[in-house]
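A short worksheet on the structure shown next.
Remember, it's a predicted structure, so these values are computed and weren't measured experimentally. By convention in this document, chain letters (A, B, ...) are assigned in the order of the sequence lines, proteins followed by strands, and residues within each chain are numbered from 1.
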Amino acid sequence: MEIITRRTPRSKKLVDYEAESVHSKLQFYRYPPTGTLSLQEFEDIALERLKVLKAVETVGLRHIKGSEEYRNEMEKVLRSFPGGVARAVCRAKCDPGDVRKDHISHFILRLAYCRMEELRRWFIAQELDLFRFRFQNENKENVKLFLENNNLNYDLVSASEKEDHRSELVACGIQGHLIEFSDIYKVEFYDVLDLIQRRKVYVSRGFAYVPHIDLVTLVLSEFRSQLSHALTIASRALPNLEEDNRLLPMLASMSKSYLGQDYGKKTSVGQITADMIEMLSRTSFPMCMQELHQNLRQHHHLRHWGRQQYGLFLKGIGLSLEEALKFWRSEFTKMMDGDKFDKQYTYNIRHNYGKEGKRADYTPYSCVKIITTNAPAVGDYHGCPFRHVDVAILRQKLQAKRIPESGVNEIVSLVKGSHYQVACGKYFMLTHNTGHDFSPNHPNEYFDESQKALNGGKDAGASSGGVKLSQPKSSQASQSTPSQKSLSQKNDDQDDLTLDEIDQSMNGIEES
Amino acid sequence: MAENISYDPNCLPDLLPIYYKRLFPYSLYYKWLHYGGVPKTYFSHREFSFTLKDDVYLRYQSFSDQQELEKEIQKRCPYKIDIGAIFSHRPKDHKTVKAAAFQALEKELVFDIDMTDYDDVRFCCSGAEICLKCWSLMQFAIKILDRALREDFGFHHILWVYSGRRGVHCWVCDPDVRKRLQQKGRTAVAEYLNIIRGGENMTKKVNLWEGSIHPSIQKAIEIVRDGFEQYAVDKQDFLGSDAKMKKVLALISDDSVRRTVEDDFKHVKTSRERWQVLQDRVKQVTSKGEGRKCACVIEEIMLQYCYPRLDINVSKGLNHLLKSPFCVHPKTGH
C-alpha cells in the first residue's frame, strides 16, 4: 500500500538529500518532501521522531538548557536511539537516507500537531530545542553555509561603533579585550525578543547588539516564525486530507500520545464540597496551594493569578462549579458585599469552568507552568514556594509546619540547587511519613498521591473516582510508579501564553 | 492630587452629561485613534467598552466615525470608558463571525503603574491614597520608563496620562509597536523593563551583579540617584524608625555587614545620617574586597524603593483593556 504525498503547486523545489547530507544536516524544513513512501515507513519514522522530541523535552526538564550537562545528556540520549531520524539529528556522519527521514518525519508530525493550539506549542517548543542543539553542534563552516543557503544576512557592527558602545557591550557580557575580534551583529530588537526579555543584550534606538554566541537565538527566532506560520497553513490544509481515511486516524493517534496526564478531564466532579477544603488543605494540598489557601483565609482576597492557580487546582480535585462559587463567595464577602463579588468575580470562576466566553474547559496549571510563567509580583501569593520564596522565609514556613531540622536543611539545599520539584517531593515524604520517593509534576498529582498515601494505597487516585477522603492517620507508603521528572531550572524559552489566557486577561479589566 | 475640592460620587450622573456634552475632546480623541485613516478600518475595528451605572459593563462597542462615537457616548454617559485592541472585524459584530476568526490584531503598547504596588516602600499613604510625598515615585517611574522606551527601543510617540486615581498610564503609539509587537514581543519589552521581582514572600526584590549591570538599569540608577535623598530621606524619612530600618537592613544579604550596619545605625539618629553611614560602610567593606555579596546593595536599595513597579500583565496582552485618557475616574472625579 503506497501513498503519494501531494506536491504543493508553489514549492516545486526538490530537496537534494545527497547534497544536504554532505554539507549540513541543518535545515529550516522549507520545502515539503516529494516522492513515495510506504504507510509502514510513514508510521515508523513519525513515531521515531515523536520519541526523539519526547526525549528532547525530558532532557530539557532535567537540565539547564545550554549547559554542559544538558548537551552531554542530549548527545547520550539521542545516540541511544537506533533509527535514522536520531542519526540525522545527532551524528556527524549520516547517509542521505537519514536526512530524508529527518525531513519527512518532521513534515508528518507537522500534520499531526497542527490541529490545536496546545499541540502546536508543544511541537514548536521541542523542534526549537532540537534545532538549537543541532545548531550549536555544527562547525563554523557548516553554520556559515547554512546562513548563506537560507539568506540569513545580519549586519556586522563596525569597529568604530564597537568602540563607541564599549562600556555598554562589556556590561552585557562581552569581554572587553575580545571586543575587537568578536563578531557582533546589529539587528532590530524584534528579532531577538528572547534576549531582550532576559536583558541579555544591549539595545539602543531599537537595535540590539547581538554577540556571535547568541547568533543561535536569531536563527531560532526565524525558525520559530517560519514554523509557526507553516503550522497555521497546515491546519488550514488539513480538512483537504479528510477523505483519506488511512492517514487521519494515524495522525490523530500520534498527536494524542505524549502530552502527559491531563488533569482537566476529571471524573470525580462533585466529590468535594466547599466545606471540605479547609481540612483537605492541611492534609493533602501541596505547599503552593496551602499558601494560597492560608492567604485567602487571611486576606479574604487573592489577586488574579492566585485565583487562577488555586481555582483551577480546586476544580482539578473535583470541586464543582456551584461549590466553587460558594467557596470563593464565602471568603470574599468577608471583605466586600455580595453584589460586588457577583459582578467582579463570578464571571471569571464560571469562565474557568467553561461557562463563559469561548467556553473552553481550562486545565489546572502544572508545576512547570507555575515555576516558569507568571512569576508573582507585589501583592501576589501564587507561584511555587520552592522557587519564589526567600530561602529564609521558606525555612520559617517549613519549621512552622513542624518539619524536622534535618529535613528543612535538606529541602533548602535542594532549593539552592534549583531542584524545586524534588524539594517538593521531599516535603511530601516528610509530611506523609513515607519513604515513597516522588517528585511531583503537577499539584493535582501531589494531591492524588497524598490521598493515596493517606488511604493506605487502596484508592487508585482521586482522578479515577470513588475516592474516600481521609484524614492523616499513619505512614503507609503506596506502591506506585512515580514519575521522576524534575524541573531543575527556569526554562529559557517561556511558552507564549495561550489564546485562552489572553481571553481570560481580557476579562480582568483594569481598575485604576 | 491635592483634595481641594470635595467630590461626591453621587453627583456623577448629573455631571457626566455636561462633561460629555461640553468638555470631552471628541475631535482630538478621534484624530488620535483614527491614525490618519490608514487603513480605513483602523477606527471602526477598535474595541471600546463602557462601564455604566451600577457596574453594568458593555464590551465590544465600536463606532464607524466620530459622529457615532459622540452620539453613543452622550446617549450612554458611561461612568468609565476603556480602550481595547483593533480587531479583524468590527467588534460590535463579533457575534456574527466565527470565534476563531475574530481576533485582536493591533494595539498601542500600554503600561500601567499603580501606587498600590508601592505600599511596602512608602510610609505616607497606602492603598489607593496618594499625596505629594509619594507622587515622586511616579516621577521616577515616568523618567525611567520614558528614557528606556525612547533611548533603548527607539520609540517616539509616547503619551503619559494620570490614570485618575492612584497612578499613571503610558501609551506607546508608534506604528511599528502597534503592528509588529504581538504577545511575545510585548512580554519581552515588559519583562525587560521589569526588575522588581518576587511576591509577598520575597523580601529582596532587586538583585544586581557587580560588573554586569545592564546599561538600561545603570541609567535608571543614575536617574534614581539624582532624586533619592530628596525623596527617601526628606519626604519619607525612610530610616526614621526601627521598623523602617529593619526593612532596609533585610536587604543586606551579607550577615556580618548587616550586623555592622545595624550597630552603626544606633550611633546616629536621622535618616540622612543613617543613609550616609550605610553608604560609607558599604564603600569601606567593598574597597577591602570583602562582602562581595553586597557590592551593589546601595543601588539595590535605591531601585527597590524607587524603580517603577509595572503591572506587566496589562502590557503583555494584546487585547487587555485600559481606561481611556480623558475619561473621568468614577471614584475620584479626576
* Check: Lys343(A) side chain, Asp54(B) main-chain N or O, donor-acceptor pair, under 3.5 Å -> yes
* Tyr190(A) and Leu181(B), any side-chain heavy atoms less than 4.5 Å apart -> yes
* To do: Indicate yes or no for a side-chain donor-acceptor contact from Arg205(A) to the backbone of Gly154(B) under 3.5 Å, with no hydrogens or angles considered.
  => no
* **Heavy atoms from other residues, nucleotides or ligands near NZ of Lys179(B) exceed 12 (cutoff 6.0 Å)** => yes
* **Contacting region of Asp176(B) [heavy-atom separation from chain A under 4.5 Å]** => both
* Structure fact -> Given Gly84(B), Gly198(B), Ser212(B), Gly185(B), the one with more heavy-atom pairs under 4.5 angstrom with chain A than any other is Gly198(B)
* Asked: Do you know which of Arg150(B), Met202(B), Gln182(B) has the most heavy-atom pairs under 4.5 Å to chain A?
  -> Met202(B)
* Distance (rounded to the nearest 0.5 Å) between Asn201(B) CG and Lys397(A) NZ -> 4.0 Å
* With chain B, which of Val170(A), Ile393(A), Asp339(A), Val391(A) has the greatest number of heavy-atom pairs at distances under 4.5 Å? -> Ile393(A)
* Contact winner vs chain A - Ile196(B), Thr203(B), Thr116(B), Asp120(B), heavy-atom pairs under 4.5 Å -> Thr203(B)
* Is the shortest heavy-atom distance from the side chain of Tyr192(B) to the side chain of Leu195(A) under 4.5 Å? -> no
* **Validation row: Val378(A), Arg309(B) side chains within 4.5 angstrom (heavy atoms)** => yes
* **Side chain / backbone / both / neither for Phe155(B) at chain A, heavy atoms under 4.5 Å** => side chain
* Assess whether atom CG of Leu52(B) is packed by more than 12 heavy atoms of other residues, nucleotides or ligands within 6.0 Å. => yes
* Asked: Got a donor-acceptor contact below 3.5 angstrom from the Arg199(A) side chain to the Asn194(B) backbone?
  -> yes
* Please look at Leu149(B) and chain A and tell me whether the side chain, the backbone, both or neither of the residue comes under 4.5 angstrom of a heavy atom of that chain. => neither
* Asked: Side chain, backbone, both or neither: which part of Val201(A) has an atom under 4.5 Å from a heavy atom of chain B?
  -> backbone
* Asked: Closest heavy-atom contact between Ala188(B) and Leu193(A)?
  -> CB-O, 3.4 Å
* Atom NZ of Lys184(B) and atom CD of Gln197(A): how far apart are they, to the nearest 0.5 Å? -> 6.5 Å
* Asked: Is it the backbone or the side chain of Ile196(A) that comes under 4.5 Å from a heavy atom of chain B, or both, or neither?
  -> both
* Structure fact -> In terms of heavy-atom contacts, Glu200(B) and Gly379(A) come closest through OE2-N, 2.5 Å
* Asked: In this structure, are over 12 heavy atoms from other groups packed under 6.0 Å from His300(A) atom NE2?
  -> yes
* Asked: Could you state the interatomic distance from CG (Asp55(B)) to NZ (Lys340(A)), rounded to the nearest 0.5 Å?
  -> 8.5 Å
* Heavy-atom contact with chain A under 4.5 Å, split by part of Val168(B) -> neither
* To do: Answer yes or no: is there an ion pair linking Arg303(A) with Asp117(B), defined by an N-O contact shorter than 4.0 Å?
  => yes
* For atom NZ of Lys205(B), decide whether the heavy atoms of other residues, nucleotides or ligands shown that lie under 6.0 angstrom number more than 12. => yes
* To do: With the side chain counted from C-beta on, respond yes when Glu151(B) and Ser204(A) share a heavy-atom pair under 4.5 Å apart, and no when they do not.
  => no
* Asked: Under a 4.5 Å heavy-atom cutoff, which of Ile312(B), Leu310(B), Ile217(B), Val56(B) has the most pairs with chain A?
  -> Ile217(B)
* Asked: Is there a side-chain contact between Phe189(A) and Val189(B) (heavy atoms, below 4.5 Å)?
  -> yes
